[in-house]
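Worth knowing before you read on, the calculation uses all heavy atoms, side chains too, and leaves out hydrogens, waters and symmetry mates. Computed from a predicted model, the values in this text were never measured in an experiment.
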Amino acid sequence: MAPGAEKRWIILLLLQIVSFAIVAIVGQTTQNINILFVNEVDNNLANVAVEVALNYVKKNPQLGLSVEMMYVEGNRTDSKDLLQALCSKYGQALSDNRPPHLLLDTTLTGVSSETVKSFSLALGIPTVMPPADMIPQVIRSIIIYMNITNAAILYDHTFVMDHKYKALLQNIPTRHVITSIADDRDRASQIEKLRNLDINNFFVLGSIASIKQVLESAKNEYFERNFAWHAITQEQKDLTCNVENATIMFLRPMSDSSSKDRLGSIRTTYNLKQEPQITGFFYFDLTLRALIAIKNILQSGSWPSNMKYITCEDYDGTNTPNHTIDLKTAFVEVTEPTTFGPFEIPKGAKVPFNGNTFMKFDMDINAVSIRSGASVNTRNLGTWEASLGAPINVANEAEIKNLTADVVYRVYTVVQAPFIMRDPTAPKGFKGYCIDLLNKIAEIVEFDYEIREVEDGKFGNMNENGEWNGIVRKLIDKQADIGLGSMSVMAERETVIDFTVPYYDLVGISIMMQLPSTPSSLFKFLTVLETNVWLCILAAYFFTSFLMWVFDRYSPYSYQNNREKYKNDDEKREFNIKECLWFCMTSLTPQGGGEAPKNLSGRLVAATWWLFGFIIIASYTANLAAFLTVSRLDTPVESLDDLSKQYKILYAPLNGSSAMTYFQRMADIEAKFYEIWKEMSLNDSLTAVERSKLAVWDYPVSDKYTKMWQAMLEAGLPNSLEEAVQRIRNSTSASGFAFLGDATDIRYQVLTNCDLQMVGEEFSRKPYAIAVQQGSPLKDQFNNAILMLLNRRELEKLKEQWWKNDDVQNKCEKPDDQSDGISIQNIGGVFIVIFVGIGMACITLLFEFWYYKYRNNSKVIDIVDSSEQQQQQQQHQQATVVKSVRPAGKLIKQDSLKDATKGQHYQTLRTRTLMPNLSKFQPRF
């Protein structure tokens with residue numbers, strides 16, 4: 001194309017553009033629009049934003065708008081005055097022939113909002129969702145992404161939540177509470193009550209000031225790892241609060257990047273700087289676009305020419321005008337740019353306009369770390385695009401998972417081996433059967449726990465005023481999530497708390513007593529006979545020995561008086577005192593006494609002694625066996641009836657235990673039965689025949705438990721199991737003590753203590769279960785886990801571990817392992833007798849040696865090989881008697897010849913002596 005032609009085209013194009021501009025300016029007309037603006041008290045931001053929109057219209061004449069605004073203001077509680085004001089203003093506009101083209105409603109909640117909605121519905125006017133309605137939807141997205149099971153949602157006046165109670169978390173299995181933030185006086189108690197509802201995920205919707213107040217009202221322990229805090233605001237400010245150590249998930253809206261220039265221009269030019277900005281600019285954009293949409297409808301001829309209007313007096317509920325105004329299409333076709341974010345308008349005729357139209361924006365998700373009241377770190381976690389059901393866009397998955405509240409349950413327990421035992425080396429400070437059980441349940445349900453011992457050491461009992469103590473009190477006050485231990489399922493407890501399925505078999509009450517120890521003594525064989533019997537036997541022994549000596553000495557037929565008669569007998573025994581004592585002693589043994597006396601009188605004495613000895617030995621043997629058997633079978637109490645019928649042994653259950661409740665209740669029932677019987681017996685309305693049927697000699701109702709309960713109170717109830725065991729060990733045969741308690745506790749004590757025993761059969765059997773708060777979802781979760789462990793036989797393995805394979809179990813000697821024989825403890829004295837006898841024999845030997853050497857002055861000579869010495873020896877032999885001869889080369893003792901005048905006989909001992917060469921033999925003495 002030639003350069004000249006190009007210039008002509010440019011000139012023609014400019015002329016055409018100018019001509020179109022002139023035509024547009026000349027043809028432009030100003031459209032009058034009537035607006036009925038309804039607002040509520042204290043919603044100043046809506047007033048300011050609408051005024052800025054009207055000011056914007058005035059300063060931009062190219063929009064071609066002339067707006068006449070009619071104002072109506074109401075409060076949240078008085079619907080009647082608001083409706084009257086609406087009807088009055090609307091009726092006046094109709095009478096002035098200025099019907100409103102649009103009703104602009106900025107009421108937030110309460111009665112006022114419902115009133116305006118009803119009014120606008122009658123007029124057929126559509127609505128648009130404000131940002132305060134959209135932002136709470138992020139809570140639903142967070143709960144779904146983080147799988148949160150409980151939540152407390154707190155909000156202030158800047159959010160509208162009345163219509164969100166059911167819809168916000170609908171179809172999500174999350175327990176939640178939605179409530180407004182309490183005032184300064186009640187805010188701390190409000191958070192405490194929410195925590196007692198087993199809630200540890202908190203969402204705070206409000207201004208930065210409101211969020212700061214809520215966070216500062218919470219206890220420091222509520223910022224630990226088992227809690228999660230989410231602060232959600234419409235403002236653009238940073239989060240600050242005076243807390244010691246906390247990490248908060250902080251969400252705030254961000255403006256559209258393409259609208260930042262326009263936003264800054266409106267803020268500075270029209271002074272729209274009020275917070276929250278997103279709400280102010282929403283009102284501004286909504287008002288401006290609605291005005292432009294109405295203008296376009298009017299100018300395009302789409303507005304009905306015969307628009308029908310009715311007043312409030314003419315409305316009867318069935319004559320709502322059928323307006324065919326397509327405001328939705330007109331709103332979409334508006335080309336005016338938005339200030340904060342674009343509007344999302346549903347497309348398609350089937351999607352309703354109301355409830356699905358909102359302003360699009362993004363929420364910035366950050367993790368704010370606060371230390372000692374100062375924000376020390378802010379980390380971006382992702383974003384959320386405002387929409388119905390839109391998921392969050394996570395930028396740092398690991399970081400956002402760290403902000404999840406760990407499922408940490410508060411467990412209270414009572415130390416009672418082997419269910420719960422203290423162990424400083426254990427991860428939680430405790431060990432036992434229940435700890436292992438809870439750990440296995442935690443693996444299935446996926447939670448962590450903190451365990452503490454209840455202060456009063458009680459599982460829970462109700463007093464006369466209906467007040468509870470122990471673990472039950474903690475569960476009622478919501479201070480505990482789980483009650484763990486050997487806790488019995490009782491009817492009165494089930495009225496205030498819930499129990500899981502039993503994790504342990506039916507457990508009854510049993511009796512624990514001191515194991516009767518068989519008294520052992522090394523000389524127990526001597527205790528078979530009483531001391532006076534032993535003394536009589538000893539006296540009979542000496543007396544019989546003396547009689548035998550007398551009879552043998554004076555009887556003419558005894559050996560010592562007839563030596564010539566019995567000189568050829570092989571047995572020659574002279575019964576002197578020593579021989580008589582020896583004879584009587586050995587006659588009592590299986591060895592026998594040896595040769596009996598020769599005289600008849602002596603034999604009668606010996607026979608009498610033999611008969612006496614036989615009876616004594618037989619009686620001793622029989623009584624020894626019976627004595628040992630009876631000492632083993634000595635069991636004073638074998639059942640509860642035996643215990644109730646005796647008064648020697650004291651007995652009592654643990655104070656505050658289920659066993660105590662059982663006996664107390666049984667005693668009360670007996671008392672009530674007695675009162676019933678007494679009233680029946682003394683009833684004057686009965687006939688003589690009916691009264692005679694009630695007359696009995698004996699008491700018709702048993703008072704067994706009444707007497708037992710009285711005896712227990714007199715004995716004193718121990719406050720702990722350790723105290724009960726100590727009382728059992730301190731008991732004596734004169735005043736024993738028996739403990740009544742759960743069979744599992746007693747069985748473990750018997751396994752670990754060899755001096756205790758379990759007596760009798762179990763009674764009043766009840767199951768053990770885990771206690772939870774009434775209505776707690778943990779009940780169903782734990783039930784499934786326990787049943788699963790039961791099917792795997794895990795519970796049986798735990799019983800084997802803690803009741804049969806326990807490390808602290810003592811290796812006690814079982815009664816079945818004991819033989820029926822005599823133990824060394826009881827017969828060991830016999831061996832001592834042997835050693836004593838040997839010792840006495842040794843001492844006697846020494847005494848004999850000493851006596852023989854130094855008392856008799858024995859003379860020792862050497863044998864000399866000479867004939868002369870032999871002649872002298874033969875001569876000397878007539879005067880001496882050699883009573884001791886030793887072989888050649890050895891010593892020979894010589895005793896002096898006794899005096900012949902004493903009438904004693906002696907004979908010469910003839911010896912033959914070998915004569916070796918003994919020249920070098922030397923005497924030893």
Side-chain angles (χ1 to χ4, degrees), residues 407-409 411-453 459 471 481-489 498-510 512 658 721 741-754 756-758 761-762 765-772 776 778-814 816-817:
V407 183
V408 180
Y409 293 124
V411 181
Y412 275 86
T413 186
V414 174
V415 174
Q416 204 157 1
F419 293 96
I420 301 291
M421 295 181 289
R422 298 184 188 91
D423 184 7
T425 62
K428 303 293 183 180
F430 294 89
K431 68 176 182 178
Y433 175 90
C434 288
I435 299 297
D436 291 347
L437 173 64
L438 190 60
N439 289 335
K440 291 183 179 296
I441 296 176
E443 294 175 0
I444 299 174
V445 184
E446 296 182 355
F447 68 89
D448 196 3
Y449 62 92
E450 296 176 350
I451 185 168
R452 298 183 181 91
E453 186 178 356
F459 286 111
I471 294 178
D481 302 310
I482 300 171
L484 188 66
S486 54
M487 194 169 183
S488 301
V489 178
D498 287 341
F499 285 98
T500 63
V501 295
Y503 66 83
Y504 200 88
D505 299 335
L506 294 177
V507 178
I509 302 173
S510 186
M512 181 170 64
S658 58
L721 186 59
D742 290 347
T744 51
D745 301 331
I746 293 178
R747 190 175 294 113
Y748 185 78
Q749 292 295 327
V750 172
L751 287 174
T752 54
N753 298 277
C754 297
L756 302 176
Q757 67 170 341
M758 185 175 178
E761 299 292 334
E762 299 180 23
R765 298 164 67 90
K766 297 178 291 296
Y768 285 163
I770 299 176
V772 296
S776 173
L778 291 177
K779 178 180 178 181
D780 294 334
Q781 299 176 19
F782 279 30
N783 286 345
N784 296 332
I786 292 173
L787 293 176
M788 189 180 301
L789 294 173
L790 188 62
N791 293 332
R792 297 177 187 171
R793 302 187 64 85
E794 294 288 343
L795 300 183
E796 294 295 331
K797 295 178 181 177
L798 289 179
K799 292 179 185 178
E800 291 286 335
Q801 175 184 349
W802 289 101
W803 270 271
K804 293 185 179 180
N805 300 326
D806 190 12
D807 295 336
V808 299
Q809 178 177 345
N810 284 339
K811 302 299 181 181
C812 305
E813 184 181 6
K814 299 180 180 179
D816 297 339
D817 298 336

Does the side chain to side chain contact (heavy atoms under 4.5 Å, CB included) test come out yes or no for V507 and S486, once each step is laid out? CA-CA 10 Å; V507 178; S486 54; over 6 Å; no
Output, in order, the C-alpha distance, side-chain angles, deciding distance and verdict of side chain to side chain contact (heavy atoms under 4.5 Å, CB included) for Y449 and L484.
-> CA-CA 12 Å; Y449 62 92; L484 188 66; over 6 Å; no
Check: Could you go step by step and tell me if V414 and I420 meet the side chain to side chain contact (heavy atoms under 4.5 Å, CB included) rule?
Finding: CA-CA 7 Å; V414 174; I420 301 291; over 6 Å; no
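Scored by the salt bridge (charged side-chain N to carboxylate O under 4.0 Å, His left out) test, E761 finds no partners at all (sequence neighbours excluded). Every residue two or more places apart in sequence or in another chain that forms a ring-ring contact (aromatic ring centres under 6.0 Å, His included) with Y409 is listed here: F447. Contacts of E450 classified as salt bridge (charged side-chain N to carboxylate O under 4.0 Å, His left out), with partners at least two apart in sequence or in another chain: R452. Scanning for side chain to side chain donor-acceptor pair (under 3.5 Å) contacts around D448 gives R225, K428, with sequence neighbours left out. In this view, Y412 satisfies the ring-ring contact (aromatic ring centres under 6.0 Å, His included) rule with no residue, not counting sequence neighbours. Every residue meeting the side-chain contact (heavy atoms from CB on, under 4.5 Å) condition with S776, not counting sequence neighbours, appears here in chain and number order: V772, Q773, L778. Listed by chain and residue number, nothing satisfies the side chain to side chain donor-acceptor pair (under 3.5 Å) test with T413 (two or more places apart in sequence, or in another chain). For D498, the salt bridge (charged side-chain N to carboxylate O under 4.0 Å, His left out) criterion is met by no residue, not counting sequence neighbours. Qualifying side chain to side chain donor-acceptor pair (under 3.5 Å) partners for R765, counting only residues two or more places apart in sequence or in other chains: E762. Scored by the side-chain contact (heavy atoms from CB on, under 4.5 Å) test, E453 finds V415, R422, F430 as partners (sequence neighbours excluded). D423 is linked by a side chain to side chain donor-acceptor pair (under 3.5 Å) to T425, counting only residues two or more places apart in sequence or in another chain. With sequence neighbours excluded, the residues forming a side-chain contact (heavy atoms from CB on, under 4.5 Å) with E796 are R793, K799, listed by chain and number.
Taken to the nearest 0.5 Å, the CD atom of E443 stands 6.0 Å off from the NZ atom of K440. Here the straight-line distance linking atom CG of D436 with atom NZ of K431 works out to 10.0 Å at 0.5 Å rounding. To the nearest 0.5 Å, atoms CD (Q416) and CG (D745) are separated by 4.0 Å. With values rounded to the nearest 0.5 angstrom, Y503 atom OH is found 3.5 Å from C434 atom SG. Here I746 contributes atom CD1 and Q749 contributes atom CD; the two are 9.0 Å apart, rounded to the nearest 0.5 Å. Here the CG-CD distance, from L795 to E800, works out to 12.5 Å after rounding to the nearest 0.5 Å.
Y433 and T744 form no side-chain donor-acceptor contact under 3.5 Å, judged by distance and modelled atom types alone.
Looking at L798 and Q801, their side chains come closer than 4.5 Å, going by heavy atoms from C-beta outward.
G432 and M421 make their closest contact through CA-CE, 4.3 Å (heavy atoms, listed as atom of the first residue, atom of the second, distance). Residue S488 comes nearest to Y768 through the heavy atom pair OG-CE2, 3.5 Å, listed as atom of the first residue, atom of the second, then distance. Nearest heavy-atom pair across R792 and I444 is NH1-CD1, 4.4 Å. Taking both residues in full, the closest heavy atoms of N783 and V501 are given as OD1-N, 2.8 Å, listed atom of the first, atom of the second, then distance.
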